[in-house]
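What follows is a set of notes on a single structure, which appears directly below.
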Amino acid sequence: MFRYLIRKILSWSLIVFLATNLTYFLASFFLDPRANYFGRRPPLSPEQIDALLEPNNLSPNTPIIERWWTWLTGILTRWDWGNSPLGDSVNEQISFRIWVSAQLTFVATFLSIVIGVAVGVYTASRQYKRADRVWQGISIITMNTHVVVASIAVVWLGIKINEWSGRRIFYVTGASSSNVQGTWNKLVDFGQHLILPTLALLIISYAGYHFMQRTLLLDNLNADYVRTARAKGLTKAQAVRKHALRTSLIPVATSVAFSVPGIFTGAVMTERIFAWNGMGQYFIQTISRNDVHGAVAVAAFGAAMTAVSAILADLLVVALDPRVRVS
């Protein structure tokens with residue numbers, strides 16, 4: 001297993017390295033950092049703009065190969081991903097926003113998986129009964145609800161609860177309040193900011209796991225190995241829990257593993273509505289501001305998360321399926 005992991009890590013490291021460098025050249029060709037200085041009053045001359053971009057290794061007058069080599073050596077020797085056209089450090093932005101996105105999406109993703117799988121198992125065990133049809137109807141509605149609609153509904157609900165209670169229970173915007181002292185007070189403040197965006201993401205995301213788990217479990221309920229387990233004396237619940245569920249969880253686990261990159265960069269609208277400055281917001285900003293270094297850093301982070309997802313998917317399959325072994 002250890003040798004297998006080393007081989008996978010090395011191969012994916014090469015892929016991430018190539019993808020990141022390719023992204024640098026594409027971003028350099030299609031993004032123009034000079035656009036950040038157009039339209040200023042008083043206007044800046046091309047020479048002045050170049051003088052502002054040159055210290056950040058973004059001047060188009062410098063050959064792209066030379067810019068690429070300076071950027072690459074900065075990463076390899078100092079882990080410095082460069083600056084934006086306005087001089088902001090990409091390292092500082094990424095390190096801050098990764099944590100913000102992780103806070104926002106990890107809890108929502110975990111709850112979506114647990115609730116979706118639980119509902120999928122519950123409804124598959126009661127196929128075509130009232131509970132199955134009710135949950136299918138609810139999940140169809142939530143699956144087709146846009147995140148903006150869900151977020152606005154959750155914001156309205158939070159505001160109404162605050163009004164009815166006469167106190168601030170939920171915060172609608174921001175990731176935290178300033179000047180909060182004490183560990184317990186910080187945890188409470190964190191929860192007050194986190195509940196509403198987490199609920200919005202949960203509403204739109206659990207249904208996919210519900211339908212996937214339901215379909216996969218129904219395919220396995222009538223399999224030969226499940227009938228054999230029932231014939232040996234296991235109850236239906238025991239056969240589902242010990243045999244059918246474990247097999248049907250394999251595709252779900254793989255899907256969850258490969259959703260890791262989207263966990264960080266996919267909640268763009270939720271971050272905007274609830275004013276969370278995470279990776280999704282930063283990705284949009286890098287494109288709109290023609291930030292070559294920032295866009296490449298986000299792409300590199302996504303590629304690295306994809307590599308982690310692929311390795312996790314392999315490990316999850318080995319853990320769930322005893323028929324699979326890594327030589």
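Here the OG1-CG distance, from Thr73 to Asp80, works out to 9.5 Å after rounding to the nearest 0.5 Å. In this structure, CG on Asp189 lies 10.5 Å from CZ on Arg168, to the nearest 0.5 angstrom. Taking OG1 of Thr142 as the start and NE2 of His210 as the end, the distance is 9.0 Å to the nearest 0.5 Å. One finds the CG atom of Leu86 at 10.0 Å from the CG atom of Leu58 (value rounded to the nearest 0.5 Å). To the nearest 0.5 Å, the span separating CZ on Arg214 from OH on Tyr122 amounts to 13.0 Å. The CG atom of Leu202 lies 11.0 Å from the CD1 atom of Ile113; values are rounded to the nearest 0.5 Å.
Listed here is the closest heavy atom pair of Pro60 and Asp32: CG-OD1, 4.4 Å. Residues Trp12 and Ala310 come closest through the heavy atom pair CZ2-CB, 3.4 Å. Taking each heavy atom of Ser205 and Leu201 in turn, the nearest pair found is OG-O, 2.6 Å. Across Ala295 and Ile287, no two heavy atoms sit closer than the pair CB-CD1, 4.3 Å. Nearest heavy-atom pair, Gly294 versus Thr286, reported as atom, atom and distance to 0.1 Å: C-CG2, 3.6 Å. Taking all atoms of both residues into account, the shortest heavy-atom contact from Ser45 to Gln48 is N-OE1, 2.9 Å.
Between Phe38 and Leu44, every side-chain heavy-atom pair lies at or beyond the 4.5 Å cut-off. Using a 4.5 Å cut-off on side-chain heavy atoms (C-beta onward), Thr198 and Phe106 make no contact. Residues Trp71 and Val292 have side chains not in contact (no heavy-atom distance under 4.5 Å, counting atoms from C-beta outward). Contact of the Val296 side chain with the Leu26 side chain is not registered, since no non-hydrogen atoms from C-beta on lie closer than 4.5 Å. Contact annotation: the side chain of Ser84 never approaches that of Asn56 to less than 4.5 Å [non-hydrogen atoms, C-beta and beyond]. Using a 4.5 Å cut-off on side-chain heavy atoms (C-beta onward), His293 and Asn57 make contact. For the pair Asp88 and Asn83, the minimum side-chain heavy-atom distance is 4.5 Å or more. Contact annotation: the side chain of Ile75 approaches that of Trp81 to within less than 4.5 Å [non-hydrogen atoms, C-beta and beyond].
Of the possible donor and acceptor atoms, none in the side chain of Asn290 sits under 3.5 Å from a partner among the backbone N and O of Ala35. Side-chain atoms of Asn220 never come within 3.5 Å of backbone atoms of Leu245 as a donor-acceptor pair (strictly under, hydrogens ignored). Listed for the Thr123 side chain is a donor-acceptor partner under 3.5 Å among the backbone atoms of Gly120. The backbone N or O of Tyr282 lies less than 3.5 Å from no partner atom in the side chain of Asn277, so there is not a single donor-acceptor pair. Checking side-chain atoms of Asn36 against main-chain N and O of Pro85 turns up no donor-acceptor pair under 3.5 Å. Judged by distance alone, the side chain of Ser255 and the main-chain N or O of Pro251 form no donor-acceptor pair under 3.5 Å. Checked by atom type and distance alone, the side chain of Glu54 never pairs as donor or acceptor with a backbone atom of Ala51 at under 3.5 Å. Between the Gln192 side chain and the Ile169 main chain, a donor and an acceptor come within less than 3.5 Å of each other.
The list of ring pair (Phe, Tyr, Trp, His ring centres under 6.0 Å) pairs with a residue in residues 184-203, not counting sequence neighbours, reads Tyr171-His193.
No hydrogens or angles considered: a donor-acceptor pair under 3.5 Å links the side chains of Glu271 and Ser101. With 3.5 Å as the limit, one finds a donor-acceptor pair spanning the side chains of Trp68 and Asn21. Judged by distance alone, the side chains of Gln136 and Asp132 do bring a donor and an acceptor atom under 3.5 Å apart.
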Ignoring hydrogens and angles, write down the donor-acceptor pairs under 3.5 Å from the side chains of residues 145-152, residues two or more places apart or on other chains.
residue	atom	partner	partner atom	Å
Thr145	OG1	Ile141	O	2.6
His146	ND1	Val148	N	3.0
Ser151	OG	Val147	O	2.7

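Shown here is Glu92, whose CD atom has no more than 12 heavy atoms of other residues, nucleotides or ligands within 6.0 Å. Taking a 6.0 Å sphere around CZ of Arg40, one finds it holds more than 12 heavy atoms contributed by other residues, nucleotides or ligands. The neighbour count for Tyr128 OH, taken as heavy atoms of other residues, nucleotides or ligands under 6.0 Å away, does not exceed 12.
Taking a cutoff of 4.0 Å between a charged side-chain nitrogen and a carboxylate oxygen, Asp291 and Arg289 do not qualify as a salt bridge.
When hydrophobic clusters are built by joining Ile, Leu, Val, Met, Phe, Trp and Tyr residues whose side-chain heavy atoms come closer than 4.5 Å, directly or via intermediates, Phe170 is grouped together with Val155.
Each of Gln281, Arg97, Gln103 was checked for a side-chain contact (heavy atoms from CB on, under 4.5 Å) with Trp276, and the lone residue meeting it is Gln103. When the options Val16, Ile98, Thr306 are evaluated for a side-chain contact (heavy atoms from CB on, under 4.5 Å) with Phe301, the one that passes is Ile98.
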